[in-house]
Amino acid sequence: MAQIKPSLAKGTRDFSPLEMERRNYIFNTIKDVFRKYGYQEIQTPSFENLQTLTGKYGEEGDKLIFKILNSGDFISKISAEKFATLHSNSITPLIAEKALRYDLTVPFARYVVMHQNEITLPFKRFQIQPVWRADRPQRGRYREFYQCDADVVGSESLLNEAEFILVYQEALSSLGLKDFVIKLNNRKLLAGIADIIGKPELLIDMTVAIDKLDKIGLVGVKQELAAKGFSTEELAMLDPIITLSGSNVDKLATLKEVLKSSEMGQKGIEEIEMVLAYAQKLDANALPYIEVDITLARGLNYYTGSIFEVKTNEVSMGSIGGGGRYDDLTGMFGLPGLTGVGISFGADRIYDVLLELDLFPESTTKTTQVLVTNFDQSTEDYALSLLQTLRKNGIASELYPVAAKLKKQLTYADQKKIPYVIFIGAEELSSGMLTIKKMITGEQEKMAADDLFSYLINTADPN
RNA sequence: GUGGUUUUAGCUCAGUUGGUUAGAGCGCCUGAUUGUGGUUCAGGAGGUCGUGGGUUCGAGCCCCAUAUUCCACCCCA
């Protein structure tokens, strides 16, 4: 067989022991907070029926779904006439029936519908699994990455939203992040803005343009909006929205005034106020992290109410979390009238941020505690029983698997940071006194096997 | 998907206008030490220069294609 140069698929990574330890640190921290707020873990398959996923993420999102080619001779199942009329888009459902999951929310909606008789509402679940996107990789953007999602379905209370803000605040603070902002917006408020300008189709263009205020300034924003088709009068009407600033309370007061003719807009403002009120009652310390931001649109099609996004100000990185409320995601799977709201942590981005800020705790992984040396066949037999006795006493131990030079065995212990090495050679065998070497100090002493056990049980770290 | 960028030893990187045998540091292996690691000293191995074409007497260097990395859009975690 021809040799193949080893390489990773674009946008994927291996995780070595140290990286896994750090990744698990992130996962465990987030999990602990999820559990504390009453969420239970589930998992769903890596791939779903393509139908389950398509049409949920918008046009751009659909393009980024990794499709799985059907098995077998799928071409022969398409008639020649039909084949001639096909283009790459319309052929996809014919040759790919499955696809890798794009996020955890849609599979969760599917799960809820399929398990509706087993679950009691409100159902609070969390899920930590990889998702895949056929995007072009970049800093903080991978084609395979882990999301940590918490969602609750069957409760329209805005307390859920407020609790999610606290989950964000608590988890990120536990991870050592200090300067981050949880952005809060509401689709109803955006709809209200669309109401008053009477051009709902330009809503997206508008939020995108307003979002650039820092970069291109008020004049630039207005130019861009004019280019998109806004009249001078409309721009005047939008002025207070474009220049919206100040505290959350200030912003909401301005919006209330501007959107007073829009029922939908008022509803959006009320919802934001309610979320903030709940958050304050739960923990007023969380309030400074919350920023009402009307430019937060979020592409995901299914959001209908609150929208969240989390960014850190400590390093340059896209959002490290996002979420929102979806009123009818399960409706697409035949269970209408069930509202849900959820958030997601981008574990891989959080990893990159923590690494850059040097916020990972010192390695705490328990490695092997004792290495038993291997001199030759006769000593190996004795060493084997000693080895297993150590293990039965809960001490992580290993025997060097072949009789090698002591130098080599010690180098191995050194590199693996094994704190104790037990020498069993001819000398030890005949005297019955084993030599134990403490690698950190280099000192060594002789003791009988029984004394050695009690010594190690008392001093070595169990695993 | 659009535009740009990167790729040379296990790792991080030098490499002149296109000119003999492509270098360094770290790491690795061997020895100084046949029962002693982390320090030191001596020696050694390791490269189809991302891949495939092309130009040239001659290509790591120039041209084309392709993969990959990172960056800016788009979008997103």
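A, B, ... follow the sequence lines: proteins, then strands. Residue 1 opens every chain. Model, not experiment: these values are computed from the prediction.
Taking the six-membered ring for Trp and thresholds of 30 and 60 degrees, A:Phe375 and A:Phe423 have ring planes inclined between 30 and 60 degrees apart. Ring geometry for A:Tyr455 against A:Tyr420 counts as perpendicular: the plane angle is over 60°, on a 0 to 90° scale with 30° as the lower cut. Between A:Phe27 and A:Tyr146, the two ring planes are tilted [angle within 30° to 60°].
Under the salt bridge (charged side-chain N to carboxylate O under 4.0 Å, His left out) criterion, A:Glu427 pairs with A:Lys446, not counting sequence neighbours.
The shortest heavy-atom contact between A:Phe230 and A:Ile197 is CE2-CD1, 3.7 Å. A:Arg349 and A:Ser319 get closest at one heavy-atom pair: NH1-O, 2.8 Å.
Remark: P of B:G1 and CZ of A:Arg133 are 17 Å apart, rounded to the nearest angstrom. A:Lys63 places its NZ atom 10 Å from the C1' atom of B:C75, with the value rounded to the nearest Å. Summarising the geometry, the separation between OH on A:Tyr146 and C1' on B:C76 is reported as 19 Å, rounded to the nearest angstrom. Spacing between atom CZ of A:Phe308 and atom P of B:C76 amounts to 17 Å, rounded to whole angstrom units. One can place CG of A:Leu8 at 9 Å from P of B:U69, the figure rounded to the nearest angstrom. When rounded to the nearest whole Å, the span between NZ of A:Lys10 and C1' of B:U68 equals 8 Å. Atoms CD (A:Glu59) and P (B:C75) sit 12 Å apart, rounded to a whole Å. Atoms CG (A:Asp14) and C1' (B:U69) sit 16 Å apart, rounded to a whole Å.
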Can you check nucleotides 43-50 of chain B for protein contacts, nitrogen or oxygen pairs under 3.5 Å, and list what you find?
unit_1	atom_1	unit_2	atom_2	d
B:G50	O2'	A:Lys5	NZ	2.8

Find every protein N or O atom lying less than 3.5 Å from an N or O atom of nucleotides 3-8 of chain B, and list the pairs.
unit_1	atom_1	unit_2	atom_2	d
B:G3	O6	A:Arg136	NH1	3.0

Provide a list of protein-nucleic acid N or O atom pairs under 3.5 angstrom, restricted to nucleotides 35-41 of chain B.
unit_1	atom_1	unit_2	atom_2	d
B:G35	O6	A:Glu427	N	3.1
B:G35	O6	A:Glu428	OE1	3.1
B:G35	N1	A:Glu428	OE1	2.8
B:G35	N1	A:Glu428	OE2	3.0
B:G35	N2	A:Glu428	OE2	2.9
B:U36	O2	A:Lys437	NZ	2.9
B:U36	O2	A:Gln444	OE1	3.2
B:U36	N3	A:Gln444	OE1	2.8
B:U36	N3	A:Gln444	NE2	3.0
B:U36	O4	A:Gln444	NE2	2.6
B:G37	O2'	A:Asp414	OD2	3.2
B:G37	N1	A:Met439	O	2.4
B:G37	N2	A:Asp414	OD1	3.0
B:G37	N2	A:Met439	O	2.9
B:G37	N3	A:Asp414	OD1	3.4
B:G38	O4'	A:Asp414	OD2	3.2
B:G38	N2	A:Ile440	O	2.8

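Side-chain atoms of A:Tyr412 and A:Glu398 form a donor-acceptor pair, as typed in the model, at a separation below 3.5 Å. Side-chain polar atoms of A:Thr44 and A:Gln127 form a donor-acceptor pair below 3.5 angstrom.
A:Arg325 pairs in a side-chain contact (heavy atoms from CB on, under 4.5 Å) with only one of the listed residues (A:Ile307, A:Asp151, A:Asn160, A:Val152), which is A:Asn160. Across A:Phe145, A:Phe66, A:Tyr57, a single residue satisfies ring pair (Phe, Tyr, Trp, His ring centres under 6.0 Å) together with A:Tyr102, and that is A:Tyr57.
Nucleotides B:G23 and B:G60 are separated by 13 Å at their P atoms, to the nearest Å. When the C1' atom is compared between B:U55 and B:A65, the two are found 15 Å apart, to the nearest whole Å. Nucleotides B:U17 and B:U40 have their C1' atoms positioned 45 Å apart, rounded to a whole Å. Using atom P as the reference point in both B:G38 and B:A77, the two lie 49 Å apart (nearest Å). Using C1' as the reference atom, B:U12 and B:G19 are 29 Å apart when rounded to the nearest Å. Across the P atoms, B:G3 and B:U56 are found 30 Å apart, a figure rounded to whole Å. One C1' atom belongs to B:G46, the other to B:G54, and the distance between them is 31 Å to the nearest Å. As rounded to the nearest Å, B:G50 and B:A45 have C1' atoms that lie 24 Å from one another.
Base contact: A:Gly140 has a heavy atom under 4.0 Å from a base atom. Within 4.0 Å (heavy atoms only), A:Phe345 reaches no atom of the nucleic acid at all. In this structure, A:Gln138 reaches the bases: a heavy-atom distance under 4.0 Å links it to at least one base atom across the strands shown.
Atom CG of residue A:Leu410 and atom NZ of residue A:Lys405 lie 13.5 Å apart, to the nearest 0.5 angstrom.
Within the 6.0 Å centre-distance limit, the rings of A:Phe164 and A:Tyr39 are counted as a close aromatic pair.
Look at A:Asp348 and A:Arg141 and you find no salt bridge, because none of the NZ, NE, NH1 or NH2 atoms lies under 4.0 Å from a carboxylate O. Ion pairing between A:Glu19 and A:Arg22 fails under the 4.0 Å rule for side-chain N and carboxylate O.
Nearest-nucleotide assignment on RNA chain B puts the 5′-proximal partner with A:Glu60, out of A:Ser344 and A:Glu60.
Every stem involving RNA chain B, taken as at least 3 paired positions in a row under the Watson-Crick or G-U wobble test at 3.5 Å, is listed here: B:1-4 with B:70-73, B:10-13 with B:23-26, B:28-32 with B:40-44, B:50-54 with B:62-66.
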Please table the atom pairs, donor to acceptor, closer than 3.5 Å between any side-chain atom in residues 29-37 of chain A and protein atoms at least two apart or in another chain.
unit_1	atom_1	unit_2	atom_2	d
A:Thr29	OG1	A:Tyr25	O	2.6
A:Lys36	NZ	A:Glu170	OE2	2.4
A:Tyr37	OH	A:Glu170	OE1	2.7

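Taking only side-chain nitrogens and oxygens, A:Lys405 comes nearer than 4.0 Å to OP1 or OP2 of B:G31.
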